[in-house]
Enquirer: 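Encoded as structure tokens, here's the structure I'll be asking about.
The figures that follow rest on heavy atoms only: side chains count, while hydrogens, waters and symmetry mates do not.
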Amino acid sequence: MTTTPNTQAAAPAHSHIPLEDTQRRLLAYLRPYRKILVAGLACAAATSAIDASIALFIKEVINSMTDGKVGHLNFMCGMVLVVFIIKGLFSFGQSYFLSLTANSMVTRMRDEIFSHLHSLSLSFFNQRRTGAIISVLTNDVPVVQNAAMNLRQMISAPLTIIVSLVMLFHFSWRLTLLSIIFIPFMAVAIQRISRRIRSISRSVQGKLADVTNIIEETVAGARVVKSFAAENHEIERFRLENQETLQTVMNGVRKSAQLRPVTEFIGAFGIALVMFVGGNIVAHTIHVQHLHVAQFQALHPGIKVPDAVRLYVMPGGLTVGALTAFLFLLDNLSRAASNVAGIISSRAQALAAASRIFDELLDVEPEVKEIPNAPEIPTIAGKVAFDHVSFQYSESGPLVLEDVTFEICPGEVVAIVGRSGAGKSTLSDLVPRFYDPTNGRVLVDDIDVRSVKAESLRKQIGIVPQETWLFAGTLRDNVAYGNRSATDEQIWEALRQANASFVESFEEKLDTIVGDRGIRLSGGEKQRIAIARAILMNPRILILDEATSSLDASSEALVQEALDHLMQGRTTLVIAHRLSTIVNAHRILAMQAGRIVEMGSHKELIQAGGYYAQLYETQLSGFE
């Protein structure tokens with residue numbers, strides 16, 4: 001095993017994005033769907049207007065009942081049915097268009113996150129816990145999605161408030177002013193609570209990331225957990241983390257739960273005040289009407305009292321219907337204000353989650369960057385050269401490679417040996433440009449690998465790692481992973497050359513499901529599938545990273561035979577732990593502490609009696 005960056009390191013700290021910037025960037029995701037959004041807004045505006053207009057119908061219906069206007073009452077009841085049919089159409093449009101906008105927005109965000117994730121350098125994945133990365137997609141994005149699904153309320157609630165206020169002022173500006181004097185108190189309460197919710201929500205998302213990480217670690221390492229009988233330890237570790245998460249979540253829930261009761265309680269003061277004052281105004285209006293009727297009858301005995309006198313409403317007066325309509329509008333306003341409180345809570349949570357999404361993923365720049373308009377590298381012969389290459393994983397870290405210079409000719413087999421931590425795997429990772437050197441140059445066919453598209457370079461490099469990673473699909477999918485246009489005949493030929501004849505014994509042949517990480521195959525079988533995958537790519541450069549070190553003797557023989565076939569005619573870089581496997585290499589580079597200390601053939605290095613000879617004798621003696 002060679003030096004690698006610390007995979008358990010926490011994510012590097014990022015400066016917290018200002019709240020306004022986070023909100024602006026979230027809204028930018030809506031831009032491609034603005035036409036759909038406008039349609040939803042129009043439907044929402046119409047729905048809010050119709051909701052408010054119901055107050056007019058309530059006023060007319062109640063006044064018709066109290067005034068004995070049966071014909072007008074019947075007409076208004078019919079109109080209510082028509083209005084609700086129209087409202088239903090607009091309500092459907094509002095829900096459909098705004099939900100489409102919200103879901104499209106989140107789908108776009110998820111696509112962008114996944115695409116950006118695959119544009120990042122290997123160092124990003126080495127420095128972060130896998131569970132924390134997964135948590136962004138499984139925990140943070142759904143929070144934004146839930147908030148986006150509230151887009152309908154985010155739009156309809158403010159519109160309802162505006163339309164209701166206009167109608168309230170139409171009925172009685174005095175009562176309206178009286179009813180809204182409590183709004184500033186409501187705003188202060190909402191602001192204070194929502195600020196705290198946003199802070200707690202960020203902590204919640206962090207805790208959920210920790211829980212996800214434990215799940216990912218223990219599921220992936222189930223064999224290790226069982227091998228050390230550590231099930232109870234892991235269960236207890238998860239339980240404690242889960243309980244801490246619950247406490248953090250409930251802390252946020254307590255704050256969120258305070259919003260609606262607080263706003264409703266403050267709004268109740270306004271409604272109670274309106275009922276008291278408005279009720280007195282109605283009583284005074286009715287008293288005045290009775291006085292007018294009595295005066296008219298005294299002056300004009302025997303004459304029917306006209307409606308203009310009987311239903312007279314003095315300036316500033318209110319009828320029973322008008323007060324009922326006013327209270328209906330006020331209730332609409334109060335419910336919309338309560339919805340706004342819930343929306344603000346949801347917004348605070350979404351901004352906290354979005355901040356993590358931007359901080360932890362989308363704002364992370366890949367360390368390996370292509371130059372603008374980089375050309376594709378042409379078909380290569382396979383020459384590889386290191387020109388005074390030094391490398392460190394971080395600016396403050398130690399040099400893993402120091403002033404490494406060598407050249408590999410096309411078709412040459414070069415082995416790299418050394419003790420664990422010597423820098424062997426790091427050196428091989430620079431060829432496909434998984435990392436860029438800190439100093440010096442890595443050249444392929446005399447072309448600096450930093451000057452061409454990385455994808456075009458990697459398509460001509462085959463890698464067979466020590467631990468083969470297979471995807472949970474079919475054998476066909478895995479073998480053809482690097483050449484998806486390959487025919488079944490080509491896949492079978494690659495399997496034959498890789499000594500993977502065992503596939504023919506499977507009932508489903510190429511359609512056999514290999515299971516998660518290839519769990520249904522043995523180590524030797526997985527390794528031969530990886531070799532077949534490399535053969536099908538037909539690479540000019542081949543990197544074998546301790547490809548047989550974890551196999552038993554019988555499996556190693558089959559795999560080594562397949563590797564010998566694969567290496568024919570290809571530039572091959574072999575990272576070897578078992579030195580007996582590379583005695584036939586054209587050259588061997590012996591590494592110690594990031595430097596090449598010896599170079600030559602096996603015979604030459606043994607005769608020199610230096611560092612390589614010591615390693616070889618140690619293995620033969622069985623001490624390593």
Enquirer: Please name all residues satisfying ring pair (Phe, Tyr, Trp, His ring centres under 6.0 Å) with Phe434, sequence neighbours left out, ordered by chain then number.
Expert: none

Enquirer: How would you list all residue pairs meeting ring-ring contact (aromatic ring centres under 6.0 Å, His included) that involve residues 438-458, not counting sequence neighbours?
Expert: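 Applying ring-ring contact (aromatic ring centres under 6.0 Å, His included) to every pair that reaches into residues 438-458, excluding sequence neighbours, yields nothing.
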
Enquirer: Charged N to carboxylate O under 4.0 angstrom, Lys509 versus Glu504?
Expert: no

Enquirer: Show the numbers, then the answer: is there a side chain to side chain contact (heavy atoms under 4.5 Å, CB included) between Ile513 and Leu475?
Expert: CA-CA 6 Å; Ile513 301 296; Leu475 280 168; over 6 Å; no

Enquirer: With heavy-atom distances below 4.5 Å as the criterion, would you say the side chains of Leu351 and Gln23 are in contact?
Expert: yes

Enquirer: List for me each residue that meets salt bridge (Lys or Arg N to Asp or Glu O under 4.0 Å) alongside Arg24, sequence neighbours excluded, and say none if there are none.
Expert: Asp21

Enquirer: For Arg570, what residues pass the salt bridge (Lys or Arg N to Asp or Glu O under 4.0 Å) criterion, not counting sequence neighbours?
Expert: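 Salt bridge (Lys or Arg N to Asp or Glu O under 4.0 Å) list for Arg570, sorted by chain: empty.
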
Enquirer: Tell me whether Arg356 is salt-bridged to Asp140, with the criterion being a basic N under 4.0 Å from an acidic carboxylate O.
Expert: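 Salt bridge present between Arg356 and Asp140.
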
Enquirer: Which pairs, with at least one residue in residues 473-483 and sequence neighbours excluded, count as a side-chain hydrogen bond (donor to acceptor under 3.5 Å, both in side chains)?
Expert: Thr474-Asp477, Arg476-Asp488, Arg476-Asp511, Asn483-Ser485

Enquirer: If the condition is ring pair (Phe, Tyr, Trp, His ring centres under 6.0 Å), which residues does Phe114 pass it with, not counting sequence neighbours?
Expert: His118

Enquirer: In terms of side-chain geometry, is the basic nitrogen of Glu493 or Arg496 positioned less than 4.0 Å from the acidic oxygen of its partner?
Expert: yes

Enquirer: Using side chain to side chain contact (heavy atoms under 4.5 Å, CB included), reason through Ile371 and Arg450 one step at a time and then give a plain yes or no.
Expert: CA-CA 8 Å; Ile371 61 174; Arg450 291 173 293 195; over 6 Å; no

Enquirer: Applying salt bridge (Lys or Arg N to Asp or Glu O under 4.0 Å), can you list everything that pairs with Arg484, at least two apart in sequence or on another chain?
Expert: none

Enquirer: Could you check whether Glu455 pairs with Lys459 (Lys NZ or Arg NE/NH1/NH2 to Asp/Glu carboxylate O, under 4.0 Å)?
Expert: yes

Enquirer: My understanding is that only residues two or more places apart in sequence, or in another chain, count here; which of them pass ring pair (Phe, Tyr, Trp, His ring centres under 6.0 Å) with Phe124?
Expert: none

Enquirer: If you look only at pairs with a residue in residues 392-405, which of them pass as a salt bridge (charged side-chain N to carboxylate O under 4.0 Å, His left out), with sequence neighbours excluded?
Expert: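 Listed once each, the pairs are Glu402-Arg595.
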
Enquirer: Please identify each residue that fulfils ring pair (Phe, Tyr, Trp, His ring centres under 6.0 Å) with Phe391, with sequence neighbours left out.
Expert: Tyr393, Tyr435

Enquirer: With sequence neighbours left out, what residues match Asn242 under side chain to side chain donor-acceptor pair (under 3.5 Å)?
Expert: none

Enquirer: Tyr612 pairs by side-chain hydrogen bond (donor to acceptor under 3.5 Å, both in side chains) with which of His602, Glu617, Gln592?
Expert: His602

Enquirer: Is NZ or CZ of Arg25 both nearer than 6.0 Å to the six-membered ring centre of Phe358 and within 45° of the ring axis?
Expert: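 Output yes; distance and angle both within limits.
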
Enquirer: Just jot down the salt bridge (Lys or Arg N to Asp or Glu O under 4.0 Å) partners of Glu598, sequence neighbours excluded, or say none.
Expert: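 Scan of Glu598 (salt bridge (Lys or Arg N to Asp or Glu O under 4.0 Å), adjacent residues dropped) gives none.
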
